[in-house]
K.L.:
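So that we are looking at the same thing, I have put the structure below in structure tokens.
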Amino acid sequence: MGSRFPSHQLSNGLYVSGRPEQPKERPPTMSSTAMPYTGGDIKKSGELGKMFDIPVDGSKSRKSGPITGAPSRTGSFGGAASHSGPIMPNAASRASYSTSGPVSSAGVPGSTTIVTGGSNRQKSNSGPLNKHGEPVKKSSGPQSGGMTPVARQNSGPLPPVLPATGLITSGPISSGPLNASGAPRKVSGPLDTMGSFKLHSASIAHNQAVTNLSQEDEYSFKRSFPKLIMWSVILLFVMGFIAAGFILGAVHNPVLLIVVVVLFGAVTALFTWNSCWGRRAIIGSIAHYPDAELRTAKDGQYVKVSGVVTCGNVPLESSFQKISRCVYTSTSLYEYRGCDSKAANPTHRRFSWGLRSLERHVVDFYISDFQSGLRALVKTGYGARVTPYVDESVVVDVNLSNRDLSPEFVRWLAERSLSSDDRVMRLKEGYIKEGSTVSVMGVVQRNDNVLMIVPPPEPFSTGCQWFKCILPASLEGIVLRCEDMSKIDVIPV
């Protein structure tokens with residue numbers, strides 16, 4: 001007998017209205033497989049190669065599905081590695097691996113799931129895979145319990161994990177600055193101070209932003225005095241002595257000879273006075289030169305600016321005392337030569353101090369004017385011409401009564417391959433640190449609202465100081481004047 005309303009009978013014999021419920025399809029089981037390492041070859045990338053219609057290398061690809069036959073891997077124990085998918089009855093007593101883990105050459109990191117037949121227990125392990133993406137057997141150590149071991153892994157150290165950056169480099173990971181976990185490697189033992197000094201010296205010497213100054217950049221009366229005038233005076237005195245000697249021999253009149261000798265003595269005393277006191281006189285003339293205001297200074301005007309120093313892009317560090325954030329550093333080693341002492345340089349005379357080593361560097365920096373408060377860039381780097389007048393202080397003094405050298409000074413000498421064999425030495429160091437007060441003399445240059453002080457095209461003459469018997473001196477480039485910073489507190493900036 002039919003009915004308008006559909007009905008169906010349940011498994012217990014009860015009739016209910018409605019149509020029978022359709023069996024639901026089971027969702028597909030997702031499993032992870034070890035993806036092969038492509039090495040940059042798109043043909044080995046599986047699905048990615050199919051997207052670009054590129055034939056995929058079938059020998060390298062891995063498929064998912066049931067295992068109908070016996071496992072392909074055999075060993076001394078009954079463990080087998082297979083493709084992911086449902087396990088058939090004939091393989092129920094064996095183990096199925098869905099593996100991916102750190103591999104030595106062609107694997108990717110992941111996890112390993114082990115299903116042991118009969119107990120329905122799962123273990124999650126991690127370990128290396130071979131080049132086919134399968135777990136590596138282990139061959140050392142007895143298995144606990146009476147169970148037949150499922151799989152064994154080879155003994156030995158695990159391959160190191162790639163650094164956290166993911167960068168693949170050549171050579172073993174232990175050879176780089178990072179350890180196996182990607183953290184910086186800790187090195188124990190004495191540091192290579194010689195290598196670090198050579199690297200630091202090479203970086204300064206080859207840095208274009210750093211100007212390396214020599215002894216010739218210092219003031220010297222012989223170099224500043226015009227050569228033409230010098231040789232003219234010498235020629236006149238030679239002619240005077242010849243004429244005076246001829247007159248003395250012919251007429252027996254010594255007046256001309258006396259006059260020439262007096263003049264020669266006066267000129268020699270004047271030259272000696274300027275050689276000894278010329279530097280101090282120039283420092284005095286720089287101090288008395290009026291300060292200019294940068295706000296009203298014209299383009300191309302030679303000015304003197306006093307203010308506080310600020311470091312630029314490349315700060316310096318002093319050589320011996322390791323004073324950081326400097327714009328100018330100078331370290332000089334002097335030696336005294338006695339009767340049987342060695343000369344510090346080819347021009348070193350006896351019973352005098354001679355320069356043996358000199359390290360002097362300067363870079364671009366900023367100066368804040370005291371008058372207007374404006375900030376200007378001083379172009380002293382990149383090989384610019386600079387004449388420094390920076391006071392130096394004695395930091396190490398080795399004499400006959402003090403032969404004990406400090407460890408720092410011995411290391412400083414060793415880094416520069418300098419000997420200390422019973423020599424009377426004196427180490428001086430000067431610097432201009434950030435926050436110091438300096439005076440700068442140069443030419444103002446305005447370029448796109450940027451205020452700069454650059455070296456002048458012509459040397460600057462200090463003029464004659466008749467009351468002090470000081471002859472005029474020529475100052476080339478930018479003039480830097482700073483007092484001894486070890487006795488003056490700097491202004492924090």
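We use all heavy atoms of the structure for the numbers below, so side chains are in, but hydrogens, waters and symmetry mates are not. Source: prediction; values computed, not measured.
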K.L.:
Do other residues, nucleotides or ligands put more than 12 heavy atoms under 6.0 Å from the CZ atom of F264?
P.N.:
no
K.L.:
Main chain of L471, side chain of N274: is a donor-acceptor contact present, judged purely on distance under 3.5 Å?
P.N.:
yes
K.L.:
For V398 and F409: C-alpha separation, side-chain torsions, deciding distance, then whether side chain to side chain contact (heavy atoms under 4.5 Å, CB included) applies.
P.N.:
CA-CA 10 Å; V398 180; F409 185 57; 4.2 Å; yes
K.L.:
Does any N or O in the side chain of E434 come within less than 3.5 Å of the main-chain N or O of R325, such that one atom is a donor and the other an acceptor?
P.N.:
no
K.L.:
Check whether any side-chain N or O of R350 sits under 3.5 Å from a backbone N or O of C339 as a donor-acceptor pair, and report yes or no.
P.N.:
yes
K.L.:
Measuring only between side-chain heavy atoms, which start at C-beta, is N345 closer than 4.5 Å to H348?
P.N.:
yes
K.L.:
Show the nearest heavy-atom pair for residues A344 and G354, with the distance to one decimal.
P.N.:
CB-O, 3.7 Å
K.L.:
Considering residues, nucleotides and ligands other than M230, do more than 12 of their heavy atoms fall under 6.0 Å from its CE?
P.N.:
yes
K.L.:
Does a donor on one side chain and an acceptor on the other come within less than 3.5 Å for T331 and R416?
P.N.:
no
K.L.:
What's the spacing between Y366 OH and L377 CG if we round to 0.5 Å?
P.N.:
5.0 Å
K.L.:
Please round to the nearest 0.5 Å and tell me the distance separating atom CD1 of I470 and atom SG of C464.
P.N.:
10.0 Å
K.L.:
When you look at CH2 of W353, are more than 12 heavy atoms from neighbouring residues, nucleotides or ligands closer to it than 6.0 Å?
P.N.:
yes
K.L.:
Closer than 4.0 angstrom, basic N to acidic O: yes or no for R360 and E392?
P.N.:
yes
K.L.:
Do other residues, nucleotides or ligands put more than 12 heavy atoms under 6.0 Å from R280 CZ?
P.N.:
no
K.L.:
Relative to each other, are the rings of W412 and F320 parallel, tilted or perpendicular (30° and 60° limits)?
P.N.:
perpendicular
K.L.:
Test side chain to side chain contact (heavy atoms under 4.5 Å, CB included) on Y289 and V479 and set out the steps.
P.N.:
CA-CA 12 Å; Y289 196 88; V479 179; over 6 Å; no
K.L.:
Do the rings of F241 and F237 sit parallel, tilted or perpendicular, given the 30° and 60° boundaries?
P.N.:
tilted
K.L.:
Is a side-chain N or O of T211 found less than 3.5 angstrom from the main chain of T380, in a donor-acceptor match?
P.N.:
yes
K.L.:
Does atom CG of N313 have more than 12 heavy-atom neighbours from other groups under 6.0 Å away?
P.N.:
no
K.L.:
Is it the case that the side chain of E429 and the backbone of Q321 share a donor-acceptor pair, with hydrogens and angles ignored and the cut-off at 3.5 Å?
P.N.:
yes
K.L.:
Drop me the distance from K433's NZ to T329's OG1, to the nearest 0.5 angstrom.
P.N.:
13.5 Å
K.L.:
How far does CZ of R356 sit from CG of L418, to the nearest 0.5 angstrom?
P.N.:
5.0 Å
K.L.:
With respect to L316, which candidate in V363, I432, I323 satisfies the side chain to side chain contact (heavy atoms under 4.5 Å, CB included) definition?
P.N.:
V363
K.L.:
What's the separation between atom CD in Q371 and atom CG in L294, rounded to the nearest 0.5 Å?
P.N.:
9.0 Å
